[in-house]
Number of protein chains: 2
Amino acid sequence: MQAPPPDDYLPHLAYDSVVFGFSGEQLKILIMEYHQTKWFALPGGFVGRDENLNDAVRRGLSERTGLDDVYLEQFYTFGDADRFRPAVMDAILKANDLVVPPDHWLLDRFISVAYYALIDYNTVVPRPDALSDSINWYALDELPPLLFDHEKIVRRALQTLRENLGKKLVGMNLLPPLFTMKELQRVYEAILGEKLSRSSFQRKMLASGLLERREKRLLGGAHKAPYQYRFRRESEEIG
Amino acid sequence: MQAPPPDDYLPHLAYDSVVFGFSGEQLKILIMEYHQTKWFALPGGFVGRDENLNDAVRRGLSERTGLDDVYLEQFYTFGDADRFRPAVMDAILKANDLVVPPDHWLLDRFISVAYYALIDYNTVVPRPDALSDSINWYALDELPPLLFDHEKIVRRALQTLRENLGKKLVGMNLLPPLFTMKELQRVYEAILGEKLSRSSFQRKMLASGLLERREKRLLGGAHKAPYQYRFRRESEEIG
DNA sequence: CGCTATTGTCGCACTTTGAGACAATAATAA
DNA sequence: TTATTATTGTCTCAAAGTGCGACAATAGCG
């Protein structure tokens, strides 16, 4: 989908996305930096006047990561009246040679609908948008100071992800199509922030019926070669 | 808090609330009916330009139920572009002798942030607002046809409530301050839509540490008199 | 005063979970 | 080629949790 023309957005409404990736060791999220400003924030955007909210978020995600079919979940809408800094927004716009009238909604308060996404860290080439210098991965415990209430948004995203991890088994969305049980367990441990029992984890994962076992991997790793697994999409679940 | 003056709301933004109550037998929700129109909808409202989103919802809830300290939880934001009916909104406004210009945001699309509330059915005296004839309790399986996507909102509210029931033990918010174990179990069964094992339920509730047992009730009921319980607020939990 | 339905609790079987033990095995070193 | 070593897949066992029924206690009723 195409982005709407510049001023054809719903006023006072934005979305922010917490994009999770797993580096192999750590859980990370995408953070963007505005031009010239040293200000860091979550990637977000606006909703076109005729655009579904969910579509707007997918559009922004696709623009920044190149990925189209992504696990995405809305988790909270932040609506406090004081969650904006007109001076900050003004500076960001000025740094990009954008001028808006002083009573424009861009300089007023925002409601922001927050989403989190789970993506395969390795297939992403982060692309900055028009307003930002860079967009990069940051480990959760090494985040730069974020604008507005974005740190609160990140905390809540992680909290929701942890809760959903138990009831939806979404961890495999952070991995490449083929992965080992150990890699999957590392993902879970990174999300939950605690060690898990190896045998129990394996048992539960296999019992879930969501994994399909492939042949052995031979390559590389010393010691016994592990199986590889594939995430079985819901359409092909076993009854 | 006072309601803002008529035209001082954030455009294109609304909230809807699914207010749950428990009649003793059934789970019910509050539904309002617009003046003259036979149209039913969830109680909702708008957000003042300088008002926190959560405060706006509490304000609306307080106006309609008279209750101030209510269990309230945001669960989803509905943002599809087609979730509005300009003709319907126009008719509602006309039936109340309200005139807005044809390009007013009230006749355009809405983003709606949805909340559910759990309240003590018996302490509520539903009060219609300026736009509605009536506001009444309806059992979940006897709802009238609702406007817009409000039926979808109700379904999702119930789904979220069921999920949260397990992890937060919120059922007691639907009961008066003192209640018996059987009443509490009835609440859970009404929410989940299934029978629960009596002894397991009792065991788990007592183990949660959220209930404080009082003396026997003597009054009324034939057969052995049950204990009464009180919901222990978080501040007084046992460690 | 006995009958009956309901309550609080216990016991039992079954399932789930955590922790360790075991053999199998693939790369490395001898 | 063979021994070593770390890792994997599976198993066993104990601990904890859960569903289900049994039991005595008890309050109202006839």
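Every chain is numbered from 1, with letters handed out A, B, ... down the list of sequences.
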Enquirer: Residues in side-chain hydrogen bond (donor to acceptor under 3.5 Å, both in side chains) with A/D80, at least two apart?
Expert: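 Scan of A/D80 (side-chain hydrogen bond (donor to acceptor under 3.5 Å, both in side chains), adjacent residues dropped) gives none.
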Enquirer: Would you kindly check if the NZ (Lys) or CZ (Arg) of B/R156 is within the cone defined by 45 degrees around the ring axis of B/Y76 and under 6.0 Å from the six-membered ring centre?
Expert: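 Output yes; distance and angle both within limits.
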Enquirer: Which letter, B, S or -, goes with each nucleotide of nucleotides 10-23 of chain C from 5' to 3', with contact meaning a protein heavy atom under 4.0 Å?
Expert: BB-----BBBBB--
Enquirer: Would you call A/K28 and A/E142 a salt bridge, taking side-chain N to carboxylate O under 4.0 Å as the test?
Expert: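 A/E142 and A/K28: not salt-bridged.
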Enquirer: How many whole angstroms separate atom CE of B/M205 from atom P of C/dT7?
Expert: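 Computing the B/M205:CE to C/dT7:P distance gives 16 Å.
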Enquirer: Quick check: do A/E151 and A/L143 have side-chain heavy atoms less than 4.5 Å from each other?
Expert: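 In short, these two side chains do not touch, never coming nearer than 4.5 Å.
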Enquirer: Got B/L184 and B/L211 here, is their nearest side-chain heavy-atom distance under 4.5 Å?
Expert: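 Side-chain contact under 4.5 Å: yes.
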Enquirer: Do the side chain of B/S208 and the main chain of B/L210 share a donor and acceptor less than 3.5 angstrom apart?
Expert: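 Yes, the answer is positive, given that a donor and an acceptor are paired below the 3.5 Å cut-off.
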Enquirer: Let me know the distance between CD of B/Q202 and C1' of D/dG21, rounded to the nearest Å.
Expert: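 Rounding to the nearest Å, CD of B/Q202 and C1' of D/dG21 are 15 Å apart.
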Enquirer: Send over the distance from A/F179 CZ to D/dT8 P, rounded to a whole Å.
Expert: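 So the two atoms are 15 Å apart, to the nearest Å.
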Enquirer: Between A/K182 and D/dT8, does any side-chain N or O lie under 4.0 Å from OP1 or OP2?
Expert: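 The answer is yes; a side-chain N or O of A/K182 sits under 4.0 Å from OP1 or OP2.
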Enquirer: Distance check needed: C/dT6 P versus B/L184 CG, whole Å only.
Expert: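 Distance, rounded to whole Å: 18 Å.
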Enquirer: Whole angstroms only, please: what is the CG-P distance between A/L206 and D/dT8?
Expert: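 These atoms are roughly 14 Å apart.
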Enquirer: Take atom CD of A/E215 and atom C1' of C/dT25, then tell me their distance rounded to the nearest Å.
Expert: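 Rounding to the nearest Å, CD of A/E215 and C1' of C/dT25 are 15 Å apart.
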Enquirer: Between the side chains of A/K168 and A/E73, is the shortest nitrogen-to-carboxylate-oxygen separation below 4.0 Å, so that they form an ion pair?
Expert: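 A salt bridge links A/E73 with A/K168.
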Enquirer: Polar pairs (N or O, both sides) under 3.5 Å between protein and nucleotides 1-5 of chain D?
Expert:
none

Enquirer: Under 3.5 Å, side chain of A/R127 to main-chain N/O of A/E63, donor-acceptor pair present?
Expert: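 Present.
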